[in-house]
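Atoms considered below: every heavy atom in the structure, side chains included; atoms not considered: hydrogens, waters and symmetry mates.
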Amino acid sequence: MTFALVGNQNSGKTTLFNSLTGSNQHVGNFPGVTVDQKAGRIRGTKDCLVVDLPGIYSIRPYTGEEIVTRDFILNEKPDGIINIVDATNIERNLYLTLQLLELRVPMVLALNMMDEVRGNGGTIDIKGMSQQLGIPVIPISAAKNEGISELIDSAISIAKHRIFPAVTDFCPSSAVHRCIHAVSHLIEDHAQKIEVPSRFAATKLIEGDASFAERLALNQNELDLIEHSVVEMEHESGLDRNAGLADMRYSFIEGVCTKTVIKCRESKEHIRSVKIDNVLTNKYLALPMFFGIMFLVFWLTFGVIGSFLSSLLTSGIDLLSGAVDKGLTAFGINPVIHSMIIDGIFSGVGSVLSFLPIIVTLFFFLSILEDTGYMARIAFVMDKLLRRIGLSGRSFVPMLVGFGCSVPAVMSSRTLSSERDRKMTIMLIPFMSCSAKIPIYAVFCAAFFSRNQALVMTGLYFSGIALAILVALLMKNTAFRGNPVPFVMELPNYRLPSLKSVALLMWEKARDFLQRAFTVIFVATLIIWFLRTFDLRLNVVTDSSRSLLAMIGQVIAPIFTPLGFGDWRAATSLISGFTAKEAVVSTMGVLMGTNVSALKNALGTLFTPLTALSFLVFTLLYTPCVAAITTIRKELGSRLMTVGVIVMQCVIAWIAAFAIYQAGRLFI
Amino acid sequence: MTLDRLPPGKTATIRKVGGTGALRLRLLDMGIIPRTRVCVRKVAPLGDPLEIRLRGYELTIRMDDARKIEVESCGEGA
């Protein structure tokens, strides 16, 4: 049996999904679904699957998330719907419920956060509500794990016995009511033919959903009759068709609530939220608080916890690598295999793995910011800044994380509810100079700009941002033209995050990254190792300038001549930077025959200050590293777009470096 | 009067919801429909968007969008 879990954003849907499934989760793969859906086996059952659908407020098909939900229910025909409703915000949550009821699928209502309602002296007449809506209503608290087994029992029972919603009419007697019934009657046969509930089809037609008129194969006469009936309704009610339907649904909900809900005056949670917001979204304090909190997150992640765990992991890998090294030497293994294992696998995968603690730590903080409700406040505070480039405040944090590392930044864009915004944000993240590029900047600044280090560094960061803005404006007017998803966002009450959800999210991101580290990234590092170790005749090279990698460097070096650094060693370093950006510096050290500390003196023979600047701008902007690319590939869900990102970055990097070098030559 | 002109702390009743396409539908879906009472809580630090309260929850909408909602002021509190 398959159940669809549907509910508003901030209704506790993910928490309920986690309590329903425990750790039996996997990423579902359903045809026609672009955003991957999480699915999981319901605990204590053998064959009950629950699918976590995107958090939505309505199933009008205007956003990708709404279409996913609607199509899943209409096409996959789940055996039952579990509709989670936030009892503290019941009116708006029931709005989606009424639309779901029209789909005529066995359904159970999970009334979440009932503990909060009761704690504030409110009550809900569960039996009464169940009667009014015609479906079982189960009070639960997903966070406290209360009522979950009752919910599971009820869901299985309605699905097993195919108990459909008992009430079919959700309209107080009015013009809208008459219109719906007239239309629904008219199209009954058509709807039956394509196996869509006629009332649902009727409301879609009244809303003006042209795709439904087509699917139902209505003739012109029928369409005219429907239009006539809708116009009459508009005239009688004084509202247009869409407002009329919304008004009808909310009137019905208000009726249900007056009969069954006794609201408390003002909940403790709301009073607390208002108090917190007096500080966090205060006119003067909001921005300093935001930057303070983000600084703390960054400092803890990159400065304290993450870097500590990273160095621990690195020394662990070094220790293991050393032991394997000794063992292999003692065993007298072929030196090429030895090099492959130690220099290829251990150093390659090892350097990528050192990202892992940073990713996990960062997601610990980010999921707390999200689950507490602070992320929505950041969007509220920052929205004005991002609107001009066609995004909303929601994109601010992922972009900010990009300054640390593109991998978690791209991963964190998952919380953006609009697919358009998410894609655009992912494509802009590589412009934020990540922390792995700092060693490159540091060496070059020390060698060429010792007096203006800070200026050059800040200049690089701001150039990245400036180019991101330019590219965003370009995207807004080309590929991402059209209406962005409206920024009408709920500001939920602040809540304590559930540790289980935070832990599960960290695990999910870690597992996801590990999977890629040992597949794509593993292969990529092996390829680079291979190119570095052998020459054209597949002999092991002793002089690194004769390797395949150096040969490729020599072949592509002319591309960089107009940028001022046509030397093959610069080109080769840039290629090896593909595995991880730190490798640019270490490769250059190897190729120049010095160690990294002496590199800054040696660089003078290869670069002038102007070509060094051009090189820095190029490294700032060119292709993201392999770890970032695999993440982008996963989150964009498109190979073509990912290749597009790589090509775009390289082209922009080339043009920017070219402009700097050629302009600089005019002055010097 | 339109919603963007309503000062923070004041409550009003929605008269008419304008706008087009996805924005208008989103407003209606969120419960912004004629006869609903709405209160402006605050303006974001950079002067935009607005935080409003209706039907027992908080919502943020941009000034440009608030300009499309006609309201009739009815005094203090919410």
Side-chain angles (χ1 to χ4, degrees), chain A residues 10 56-58 60 62-63 86 88-93 95-96 99 207 238-240 242-247 249-251 253-254 263 267 270 273-274 277-278 281-287 290 376-377 379-385 387 392-393 483-493, chain B residues 2-4 7-9 11 13-72 76-78:
Chain A
N10 308 307
I56 51 168
Y57 296 108
S58 168
R60 299 179 192 268
Y62 275 92
T63 66
D86 174 358
T88 64
N89 183 0
I90 194 146
E91 280 187 29
R92 204 210 52 224
N93 272 259
Y95 184 81
L96 177 66
Q99 298 186 30
E207 281 170 8
L239 296 167
D240 66 285
N242 283 305
L245 281 176
D247 182 62
R249 291 195 182 112
Y250 272 109
S251 304
I253 292 167
E254 281 160 18
K263 273 190 196 156
S267 73
H270 185 246
S273 279
V274 170
D277 266 343
N278 280 341
T281 61
N282 175 285
K283 195 171 176 189
Y284 304 102
L285 292 175
L287 288 170
F290 167 66
R377 269 71 182 185
F380 173 66
V381 172
M382 292 299 171
D383 180 61
K384 200 180 176 190
L385 286 181
R387 191 177 320 166
S392 82
N483 279 337
V485 173
F487 183 71
V488 179
M489 184 191 64
E490 185 185 0
L491 289 172
N493 282 345
Chain B
T2 50
L3 185 59
D4 61 303
T11 300
T13 307
I14 295 168
R15 283 269 151 259
K16 203 175 158 203
V17 182
T20 51
L23 168 76
R24 176 157 199 272
L25 295 177
R26 173 53 73 93
L27 293 175
L28 294 171
D29 286 343
M30 297 306 262
I32 301 180
I33 48 177
R35 292 190 290 277
T36 311
R37 283 168 71 88
V38 53
C39 165
V40 172
R41 301 299 293 239
K42 69 169 72 162
V43 180
L46 298 174
D48 196 0
L50 283 176
E51 178 181 343
I52 60 173
R53 182 172 173 85
L54 75 157
R55 299 185 186 274
Y57 78 99
E58 266 87 11
L59 194 66
T60 144
I61 68 171
R62 290 173 174 172
M63 285 288 187
D64 279 345
D65 303 338
R67 204 161 292 139
K68 293 166 184 151
I69 301 168
E70 269 176 46
V71 296
E72 192 170 297
E76 305 284 321

Q) For the candidates B/G31, B/G47, B/P34, which exhibits the highest count of non-hydrogen atom pairs separated by less than 4.5 Å from chain A? A) B/G31

Q. With a 4.5 angstrom heavy-atom cut-off, which part of A/Y95 approaches chain B: side chain, backbone, both or neither?
A. side chain

(Q) At a heavy-atom distance under 4.5 Å, which candidate from B/D29, B/D65, B/V17, B/L25 has the highest pair count against chain A? (A) B/D29

Q) Among A/N242, A/T88, A/L96, who wins on heavy-atom pairs under 4.5 Å with chain B? A) A/N242

Q: Could I get the full list of ring-ring contact (aromatic ring centres under 6.0 Å, His included) partners for B/Y57, not counting sequence neighbours?
A: none

Q: Using a cut-off of under 4.5 Å on heavy-atom pairs, state which of B/I61, B/L46, B/I52, B/L50 scores highest against chain A.
A: B/L46

**Q.** Minimum heavy-atom distance between A/S267 and A/N493, given as atom pair plus value
**A.** OG-ND2, 4.3 Å

Q | B/I33 portion near chain A, given a 4.5 angstrom heavy-atom threshold | A | side chain

Q) Considering only heavy atoms, which portion of A/E254 lies under 4.5 Å from any heavy atom of chain B: side chain, backbone, both, or neither? A) side chain

Q: Below 4.5 Å from any heavy atom of chain B, which atoms of A/S273 appear? Answer side chain, backbone, both or neither.
A: neither

Q: Give, as side chain, backbone, both or neither, the part of A/L245 having an atom under 4.5 angstrom from any heavy atom of chain B.
A: neither

**Q.** Engaged part of B/L27 at the chain A interface, taking heavy atoms whose separation is under 4.5 Å
**A.** side chain

Q: Would you mind checking if A/E91 and A/K263 are paired as a salt bridge, meaning a charged N to carboxylate O distance below 4.0 Å?
A: yes

**Q.** Interface residue of largest heavy-atom contact number with chain A, from B/L23, B/I32, B/T36, B/D48, under 4.5 Å
**A.** B/D48

Q) Is the NZ atom of B/K68 crowded by more than 12 outside heavy atoms at less than 6.0 Å? A) yes

Q. Between B/D64 and B/R67, is there a salt bridge with N-O shorter than 4.0 Å?
A. yes

Q.
Could you measure the distance from the CG atom of B/L28 to the CD atom of A/E207? Nearest 0.5 Å is fine.
A. 10.0 Å

**Q.** Contact leader toward chain B among A/D277, A/D86, A/L285, A/I90, where contacts are heavy-atom pairs under 4.5 Å
**A.** A/D277

Q | Minimum heavy-atom distance A/Y250-B/M30, with the two atoms named | A | OH-C, 3.4 Å

Q. Does the pair A/D240/B/R24 count as a salt bridge with the N-to-O cut at 4.0 Å?
A. yes

